[in-house]
Amino acid sequence: MAAELTSTKLNAENHLLLDQPLLRLPHELARRNLKSIQRVVEREKECVLPSLKDAANAAMFNHQTPEQTLATLDAMISRMQGLKRKMENLHQEEKKVHLQSRKRIQHLDQLYHIPSLTDVKYDQWSRVRLDRLVIDHMLRSGYTGSAQQLAREKDIEELVDLNVFVQCQRIAESLRHGETKDALQWCNENKAALKRSQYNLEFELRLQQYIEMIRTRDRTKFVDAMVHARKYLAPYDETQSAEIHRAAGLLAFPPDTKAEPYKSMYASERWIYLSGLFIRTHHELLSLPSRPLIHIALSAGLSALKTPSCHSAYTSSSSNPHSITTSVCPICSTELNELARNLPYAHHTKSYVENDPIVLPNGRVYGLHRLLDMSKKLSSIDAGKVKDPITGQIYDESDMKKVYIM
């Protein structure tokens, strides 16, 4: 009884290993919002305070007429009103992030009030998590409309990252269509964070702009391209010198060249590469997993169940019409067998092998006493014969060999 209670007891900490991104993203969004507030305040302070000081000095020493002083003050008031509107918008964003965090914390906190895996509340919580994982997969696959509709129907909009993935897919799609404007604007908004990134997204985007100028083969565009290279590519000389040298070589090669690496640099597939690079960079900056969470969860579940027999060369009972038993192993099913083929085997610390194992000529291992008992109960089996319960093959008892577990 104690063993049963232990096996069904819910360990909330283990469950939360998969749900770490659920709280990381709101934290990253809140941090970015705070940085935006700081930048706006600093920018306005640098402009308004000197102007205010100059206006006060001018009024004190009669360097300005009252009308000029009032005009200066009106301009400063107008700037401060603009600052107020920006701050209100950022405050609304902050409130949304806090609401999202509160909903997610409440969702995860429910686990700590569920004592057992057999509790009906755990089934309900698991269903919500499954909906979250499905929506996450749909968003990453580009089915944003369907994902939004499912989130509304399940009332879990605060538990999924709709806006983040919609923006990501929009920019990635614009890159696939040969446009860099939105991606460069995103880079400018996240310039400080991109300095710590392992990817060189902004450099690659600027390089693509350079390539498109060279592609025209217009001499005036060549001049613009060189100015562009000095302004945007030269600062990366220490880390991307090889790419910059290849970019310079493009001036001598037309778009239809067969010479590498210039042929690849001109290729339209570079836009697909840039789209994928943006997605990887975006996910890295927001602490989002590179793979869909449902893939991670499915891989962990399949690996926990997988054993060497699941991919044995011998036919499993799930696909053998002559079998008199039914396999309930998900790995052996036709739907999941191939998906689990390259996953590691489960780590078992206890052995569940029969204490008197034997092996039949077909390579299958069974317990001796149970196999003999089953064969005796079958009237179609002659004395001294045994029947494989999986394949239905019949063998002499003398064909059985003792198995020793190492």
Side-chain angles (χ1 to χ4, degrees), residues 1-11 14-15 17-18 114-120 122-123 126-127 130 294-406:
M1 185 65 178
E4 182 180 352
L5 289 174
T6 301
S7 62
T8 61
K9 183 179 179 181
L10 189 148
N11 188 326
N14 289 341
H15 281 68
L17 290 174
L18 184 65
I114 302 175
S116 171
L117 295 171
T118 58
D119 195 308
V120 66
Y122 178 71
D123 290 339
S126 298
R127 174 57 60 180
L130 179 59
I294 196 168
H295 288 186
I296 299 173
L298 188 60
S299 298
L302 292 176
S303 183
L305 297 173
K306 182 180 175 182
T307 63
S309 62
C310 294
H311 290 91
S312 170
Y314 300 102
T315 307
S316 66
S317 60
S318 59
S319 58
N320 181 14
H322 303 292
S323 173
I324 61 175
T325 66
T326 302
S327 173
V328 293
C329 175
I331 312 301
C332 296
S333 67
T334 55
E335 295 84 2
L336 299 177
N337 192 259
E338 283 303 314
L339 288 175
R341 185 172 294 278
N342 295 323
L343 293 175
Y345 294 117
H347 175 65
H348 295 288
T349 58
K350 294 182 179 179
S351 175
Y352 296 93
V353 178
E354 300 280 354
N355 57 8
D356 55 350
I358 57 93
V359 61
L360 295 177
N362 61 5
R364 292 189 172 273
V365 177
Y366 300 100
L368 174 61
H369 290 92
R370 294 182 66 180
L371 184 63
L372 292 176
D373 290 342
M374 187 204 71
S375 299
K376 289 177 181 178
K377 294 176 182 178
L378 297 175
S379 58
S380 58
I381 304 299
D382 297 332
K385 301 283 188 179
V386 293
K387 182 177 182 180
D388 188 323
I390 301 298
T391 64
Q393 295 170 291
I394 299 175
Y395 301 100
D396 293 327
E397 291 184 8
S398 59
D399 293 331
M400 299 185 298
K401 295 182 179 180
K402 179 69 176 175
V403 174
Y404 297 94
I405 306 299
M406 301 297 290

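This chain uses plain numbering: 1 for the first residue, then up along the sequence.
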Q) Which heavy atom in Tyr122 sits nearest to a heavy atom in Leu117, and how many Å separate them? A) CD2-O, 3.4 Å
Q: Measure across Asn362 and Tyr395 and return the closest heavy-atom pair with its distance rounded to 0.1 Å.
A: CB-OH, 3.4 Å
Q: Measure the CG-CD1 distance between Asp123 and Ile114 for me, rounded to the nearest 0.5 Å.
A: 9.0 Å
**Q.** Rounded distance [0.5 Å steps], CG in Asn11 versus CG in Leu17
**A.** 8.5 Å
**Q.** Ser375 vs Ile394 side-chain heavy atoms within contact, under 4.5 Å
**A.** no
Q: Using side-chain contact (heavy atoms from CB on, under 4.5 Å) as the criterion, point out the one residue from Val403, Asp356, Val386 that pairs with Leu368.
A: Asp356
**Q.** Check: Leu360 and Leu371 side chains under 4.5 Å, non-hydrogen atoms
**A.** yes
Q | Shortest non-hydrogen contact between Ser299 and Leu343, atoms and distance | A | O-CD1, 3.8 Å
Q. Can you name the nearest heavy-atom pair linking Lys387 to Met374, along with the distance?
A. O-CE, 3.4 Å
Q.
To the closest 0.5 Å, what do you measure between OG (Ser303) and CD1 (Ile331)?
A. 8.5 Å
**Q.** Under the ring pair (Phe, Tyr, Trp, His ring centres under 6.0 Å) test, residues paired with His369 that sit two or more places apart
**A.** none
Q) What's the shortest heavy-atom distance between Arg364 and Asp388, and which atoms? A) CD-OD2, 3.2 Å
Q: Taking the side chain as every heavy atom from C-beta outward, state whether Pro361 and Met400 have any atom pair closer than 4.5 Å.
A: no
(Q) Determine whether Lys401 and Ile358 satisfy the following criterion, side chain to side chain contact (heavy atoms under 4.5 Å, CB included), listing intermediate values before the conclusion. (A) CA-CA 5 Å; Lys401 295 182 179 180; Ile358 57 93; over 6 Å; no
Q: Would you name the heavy atoms of Lys306 and Arg341 that are closest together and state the gap between them?
A: NZ-O, 2.8 Å
